[in-house]
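Report on one structure; see the data block that follows.
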Amino acid sequence: MPANTGTPPRHELVDIRFRNGIIVRGIDPAKYRWTLDDPKYPPSFAFDILDWQPCKP
């Protein structure tokens, strides 16, 4: 899985893995926060996206 660089990938749907280990499949990357360790969201660091992959049909 490619690491999160802080910008949403250019795919229609992706699978993501959060820092807390939760995996979510088939999400629209435009609807999620791709920043890492953003001070605007301190209680949600567990839900930083660590890596992703294109969603397979």
Side-chain angles (χ1 to χ4, degrees):
M1 294 178 105
N4 178 8
T5 60
T7 58
R10 295 181 182 203
H11 295 277
E12 188 175 326
L13 297 174
V14 295
D15 301 334
I16 58 174
R17 184 172 59 97
F18 291 112
R19 180 173 284 161
N20 61 10
I22 295 174
I23 296 173
V24 182
R25 301 199 181 272
I27 64 112
D28 178 357
K31 295 182 180 180
Y32 279 74
R33 177 179 58 85
W34 288 84
T35 56
L36 293 169
D37 301 321
D38 192 334
K40 294 179 190 174
Y41 306 99
S44 65
F45 287 160
F47 287 95
D48 282 351
I49 297 170
L50 290 186
D51 43 30
W52 62 275
Q53 69 183 13
C55 187
K56 297 181 182 176

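When every heavy atom of Cys55 is checked against every heavy atom of Gly26, the shortest pair comes out as SG-CA, 3.8 Å. The two residues Pro29 and Pro8 make their nearest non-hydrogen contact at O-CB, 4.1 Å.
Cluster partners of Tyr41: none. The rule joins Ile, Leu, Val, Met, Phe, Trp and Tyr whenever side-chain heavy atoms lie under 4.5 Å apart, and it links nothing here. If you chain together ILVMFWY residues whose side-chain heavy atoms come under 4.5 Å of each other, Val24 ends up grouped with Val14, Ile16, Phe18, Ile22, Ile27, Tyr32, Trp34, Phe47, Ile49, Trp52. Cluster partners of Ile23: none. The rule joins Ile, Leu, Val, Met, Phe, Trp and Tyr whenever side-chain heavy atoms lie under 4.5 Å apart, and it links nothing here.
Contacts of Asp48 classified as side-chain contact (heavy atoms from CB on, under 4.5 Å), with partners at least two apart in sequence or in another chain: Arg19, Arg33, Leu36, Asp37, Phe45. Gln53 meets the side chain to side chain donor-acceptor pair (under 3.5 Å) test with Asp15; sequence neighbours excluded. Taking the salt bridge (Lys or Arg N to Asp or Glu O under 4.0 Å) definition, one finds that Asp38 meets it with nothing, sequence neighbours left out.
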